[in-house]
Amino acid sequence: MNNLTLNEGQLAHFECRLEPVNDSALRVEWFRNGKSLPVGHRYRPFHDFGYVALNILSVVPEDSATYTCRAVNTLGTAEIQATLTCSGKSSILSETQHPEGLQKIQMLEDYSRYTRDVYQEELTIGDPKLKVEWFHNGRPVKQGTRFVQTFNFGFVALDIMYAYPEDSGTYTCKAVNTLGEAVTSTLKCYSKSSLILESQQPESLEKIQQLEDMSRHQRATYIEETTTQAPVFTQAMRNLQLMENQSAHFECGSLYLLGTQNLKSGVVP
């Protein structure tokens, strides 16, 4: 067997030849550092017709050892050894395993793409007498959890959570101090209809109306022909003279207007 030097995760393969080939009493055993080889799916010994092999899947640094193959039969014992050296990888992977994926993640996390221009009115920052008020249609804005007013270091804002139709109107911001006042109106809200009457899916509505159109399933109407002509026999019946047990047959030729609803036929004795 040959000594092996591998990196972590590689396959270790030991092999050798053994004689006699057809000895039924021959037994092959594997040892690691003098102890029996552990039992597990990574250790796969093989012995067939004098070919002896040992495969170790996905080696780790703990697999580094001296491996011994021992053959025993009734006449004696033979051994052969080989050394496996496994170099382990770093326990913490600091480099990326998918450079392209990392590049896309970094692009998505780049918030500079979402920056927008901020326009702020110049106010006297630090003026203790500066007062900011908000008005809705000329009246002070309601007090409540839905209305959040912000005034901090010259930044003025009004947030309305969950706007309702009654919030519709013009909102005015007034800033007042001892030197004067400034007023600005920047927002108008309009309410929507509480009932949505128009279809949100015109194409689907058209298909539904087509399926509900019962005129496609109407059957053609057939009008029966009517007549006003009376029935007429075209041939008179003949008198018969017969012997007992003979058949009697009467006929009267063609009869017009057989399709007339009021027509009745029968034999009058």
[atom1]-[atom2] distance between [X] and [Y], expressed to the nearest 0.5 angstrom:
X      : Y      : atom1 : atom2 : result
Gln81  : Cys16  : CD    : SG    : 12.0 Å
His249 : Leu242 : NE2   : CG    : 11.5 Å
Ile105 : Glu109 : CD1   : CD    : 6.5 Å
Glu203 : Glu206 : CD    : CD    : 8.0 Å
Glu79  : Thr68  : CD    : OG1   : 6.0 Å
Asp63  : Leu84  : CG    : CG    : 6.5 Å

So, the side chain of [X] versus the backbone of [Y]: is there a donor-acceptor pair under 3.5 Å, distance only?
X      : Y      : answer
Asp23  : Pro20  : no
Gln106 : Gln103 : no
Ser64  : Cys86  : yes
His136 : Thr172 : no
Asn177 : Lys129 : no
Asp48  : Tyr51  : no

Could you check if a side-chain atom of [X] sits within less than 4.5 angstrom of a side-chain atom of [Y], using non-hydrogen atoms only?
X     : Y      : result
Leu18 : Leu26  : yes
Lys35 : Asn33  : no
Gln97 : Leu102 : no
Arg32 : Tyr43  : yes

Heavy-atom closest contact ([X] atom, [Y] atom, distance):
X     : Y     : value
Glu15 : Met1  : O-CG, 3.4 Å
Ser58 : Arg42 : O-NH1, 3.2 Å
Asn2  : Ala82 : O-CB, 3.6 Å
Asn55 : Leu11 : CB-CD1, 4.2 Å
Thr83 : Asn3  : N-OD1, 2.7 Å
Ala25 : Thr74 : CB-CG2, 4.2 Å

**Prompt:** Going by an N to O cut-off under 4.0 Å, is there a salt bridge joining Glu133 and Lys174?
**Reply:** no
**Asked** Is any side-chain N of the basic residue among Arg146 and Asp159 closer than 4.0 Å to the acidic one's carboxylate O?
**Response** no
**Asked** Can Tyr171 and Asn137 be said to form a side-chain contact (heavy atoms from CB on, under 4.5 Å), step by step?
**Response** CA-CA 6 Å; Tyr171 288 84; Asn137 293 332; over 6 Å; no
**Item:** Evaluation steps, side-chain contact (heavy atoms from CB on, under 4.5 Å), between Asn7 and Val59
**Value:** CA-CA 8 Å; Asn7 293 323; Val59 295; over 6 Å; no
**Fill in**
Sorted by chain and number, sequence neighbours left out, side chain to side chain donor-acceptor pair (under 3.5 Å) with Gln149 holds for none
Check whether [X] and [Y] end up in the same hydrophobic cluster, where Ile, Leu, Val, Met, Phe, Trp and Tyr are linked by side-chain heavy atoms less than 4.5 Å apart.
X      : Y      : result
Leu130 : Phe135 : no
Met237 : Leu240 : yes
Phe147 : Val132 : yes
Ile80  : Val28  : yes

**Request:** Given side-chain contact (heavy atoms from CB on, under 4.5 Å), test Glu29 with Leu37 step by step and report yes or no.
**Result:** CA-CA 8 Å; Glu29 299 175 344; Leu37 192 69; over 6 Å; no
**Request:** List the steps, then state whether side-chain hydrogen bond (donor to acceptor under 3.5 Å, both in side chains) holds for Glu100 with His98.
**Result:** CA-CA 6 Å; Glu100 297 179 357; His98 299 282; over 6 Å; no
**Prompt:** Ring centres of Tyr67 and Phe14 under 6.0 Å apart?
**Reply:** yes
**Fill in**
In short, ring-ring contact (aromatic ring centres under 6.0 Å, His included) pairs touching residues 15-38 with sequence neighbours left out are none
**Asked** Does the pair Cys69 and Val52 meet the rule for a side-chain contact (heavy atoms from CB on, under 4.5 Å), with working shown?
**Response** CA-CA 9 Å; Cys69 179; Val52 181; 3.8 Å; yes
